[in-house]
Every structure is written in structure tokens, then in C-alpha cells.
Amino acid sequence: MILKVNNITKKFGGVTAIKETSFVVEPEQIYGIIGPNGAGKTTMFNIITGNYEASEGEVLFRNQSLSGLKPHEIVRKGIARTFQNIRLFKSMSVMENVLIGFDFQAHYSFAESILRLPRFFGEEKRIKKRSMEILEYLGIEKFAKQKATDLSYGVQRKVEIARALATNPELLLLDEPAAGMNPAETNELANLIYQARSDFNLSVLLIEHDMKFVNKLCDKVLVLDYGKSIFEGKPSDAIKDKEVVSAYLGDFIND
């Protein structure tokens, strides 16, 4: 396993957002978390990435507990994420946004950066080269110098994924990556994530409402309803499960 979520419960005052939920993500697996709005999906992401602390249970990444770690420490461990609402630096170009992802990987000291010593310039050149390679992989290198937030929604999604890939993650968390995309963009993104899994040696954990996207992409899914797991298994089996259909998929089945 690369990630083990062990009996996680999260309470906000008297409200239980997640109740006794467990699952495992295997190396190079694409694992989906689905469910209606308010089911606890993004709360689970926030627990994994250190934005929230679980009320009960623990999260293990490569058999090491993430309890008590801050978000930037979890990124250093090898976990990166994107957000349901795109979070790019508004004043920065596409390239500058991606360079942020390389921040903790720079092999030079603060003094070397201030004094502009040779190792600083060598590392800056390496990082910029690698950033452009990631942009080229995602097909958005032509936007490198443009202000990221001036671009289309679909391109901004790719910029956010590029920044996450720049952290060199082993586990990539994608929060509704296809939201707001048209069918052609959604299909392209599914193919891209599928290919990136092997090209970047990634495990992928994603939240998504588009069941056609999930069914095409995910090896396994967990269905949450009011914070509780009601199904785990193949997407093709999820859409046949009576409890899942009742809780969430009725509209999808009837389409």
C-alpha cells in the first residue's frame, strides 16, 4: 500500500462529517471517492493533507503516520493535491506558478541565493528546464509566460496539476478535476491522468461527480454518504449497487 486511511472519524462540534471510514490506495492505482454533496469527500482530502486533524483514527503514508504533520511537511513526504476551487497565484505567470512547486527541492542555501553564487544559477536553470518539461507534457507550454488566471478554466486546471507534479509526488490528490469542463476536455483530462500514472510513477486519489469520467479512469471507488462508507469496489459494480443508486446515482442511471 501507499496510503492507508484507518478508521477515520471527523467531527465539527456536534456534526460528524466522516464516520469510521477506512480504505487503502495501492501503488500506481487510481482510486476514486464519490458521493453526494456534503458526503465528506473534501473533508477526507483535508485530513490526508494535514489541513484538518482527524477526531479519531489515523492516516498512514508508506506505513508512516501523518498525524500532527503540517501541510507543507506532508508535501515533502510525497503527497500533492489540487483543489475543487482552483487556487493559482493571481499575479504570477504559468511558469512562475509551476516553479512554486519546486520550492523545497532547490539544492542551494539561502546565502547562495542572496549572494547569487554559481550553484544558485545552476539550480535555477535545472528547475526552469524541468518546469517547461512538465508544461510540455500537459500541452500548455505555449502559455508559460502568460498570467495564469487570464487563461481558460481547462488550462488553469492543467496549470494546477503541473504545479502539483512539480513537487515530485508519489500520491496525487485531485479534487473534482473535471469540474467545469466540456466533454472533450473531460475526455482529454482522463487520458492525461491515466498516462501520467505510469509516466510519473503516481498513485492517484480523486474526488469526482462525473461518473462517466470515474468509470473510465478509476480502478476502484469508495462511495460516501453522510460521511459513512456505503460501498467499495469497481466503478462498474457501484452503479449496480442498490444502496449507492438510492443515495447518489439515480440521476446517472436514468440518463
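Side-chain contact between Pro71 and Thr49 is absent, with no heavy-atom pair separated by less than 4.5 Å. For the pair Asn46/Thr42, a side-chain contact is recorded, criterion being any heavy-atom separation below 4.5 Å from C-beta on.
Of the possible polar contacts, none joining the Thr16 side chain to the Ile18 backbone as a donor-acceptor pair under 3.5 Å is found. In this structure a side-chain-to-backbone donor-acceptor pair under 3.5 Å is missing from Asn6 to Gly57. Distance alone, capped at 3.5 Å, places no donor-acceptor pair between the Gln156 side chain and the Tyr153 backbone. Judged by distance alone, with hydrogens and angles left aside, the side-chain atoms of Glu185 form a donor-acceptor pair with the main-chain N or O of Asn182 at under 3.5 Å. Lys10 places a side-chain N or O within 3.5 Å of a backbone atom of Glu53 that can act as its donor or acceptor partner. Judged by distance alone, the side chain of Glu73 and the main-chain N or O of Lys70 form a donor-acceptor pair under 3.5 Å. Formation of a donor-acceptor pair under 3.5 Å by the Lys147 side chain with backbone atoms of Ser91 is not found in this model.
Cluster membership for Tyr226 and Val245, using ILVMFWY side-chain heavy atoms within less than 4.5 angstrom, is not shared. Clustering ILVMFWY residues whenever any of their side-chain heavy atoms sit less than 4.5 angstrom apart, transitively, puts Leu135 in the very cluster that holds Leu192. Phe12 and Met44 fall within a single hydrophobic cluster, where Ile, Leu, Val, Met, Phe, Trp and Tyr side chains are chained together by heavy-atom contacts under 4.5 Å.
In this structure, Glu170 does not pair ionically with Lys77, as no charged nitrogen and carboxylate oxygen lie closer than 4.0 Å.
Ile127 CD1 to Met95 CE: the interatomic distance, rounded to the nearest 0.5 Å, is 11.5 Å. Here the NZ-CD1 distance, from Lys212 to Ile239, works out to 10.5 Å after rounding to the nearest 0.5 Å. Separation of atoms CD1 (Ile79) and CG (Leu69) is listed at 9.0 Å; rounding is to 0.5 Å. The OG atom of Ser55 sits 13.0 Å away from the NZ atom of Lys19 when rounded to the nearest 0.5 Å. Considering CG of Leu60 and CE of Met1, their distance stands at 5.0 Å, rounded to 0.5 Å. For the atom pair Glu56 CD and Thr21 OG1, the distance stands at 11.5 Å (nearest 0.5 Å).
Ala39 and Leu224 get closest at one heavy-atom pair: CB-O, 3.4 Å. Here the closest heavy-atom approach between residue Ala164 and residue Pro169 is recorded as O-CD, 3.4 Å.
Aromatic rings from Phe45 and Phe83 are positioned such that their centres are separated by 6.0 Å or more.
Taking the centre and axis of the six-membered ring of Tyr194, the NZ or CZ atom of Arg197 falls inside the cone set by 45° and 6.0 Å.
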- Task: Go through the steps to decide whether Lys228 and Glu20 satisfy the test side-chain contact (heavy atoms from CB on, under 4.5 Å), and finish with yes or no.
- Result: CA-CA 7 Å; Lys228 186 176 181 180; Glu20 299 174 352; over 6 Å; no
- Item | Residue pair Glu133, Lys129: steps toward the salt bridge (Lys or Arg N to Asp or Glu O under 4.0 Å) verdict | CA-CA 6 Å; Glu133 288 172 351; Lys129 180 176 182 293; 2.7 Å; yes
- Item | Criterion side-chain contact (heavy atoms from CB on, under 4.5 Å) on Leu165 and Leu202, from CA distance to verdict | CA-CA 10 Å; Leu165 290 175; Leu202 285 172; 3.7 Å; yes
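A parallel orientation is assigned to the rings of Phe23 and Tyr31, their planes being inclined by less than 30° (bins at 30° and 60°).
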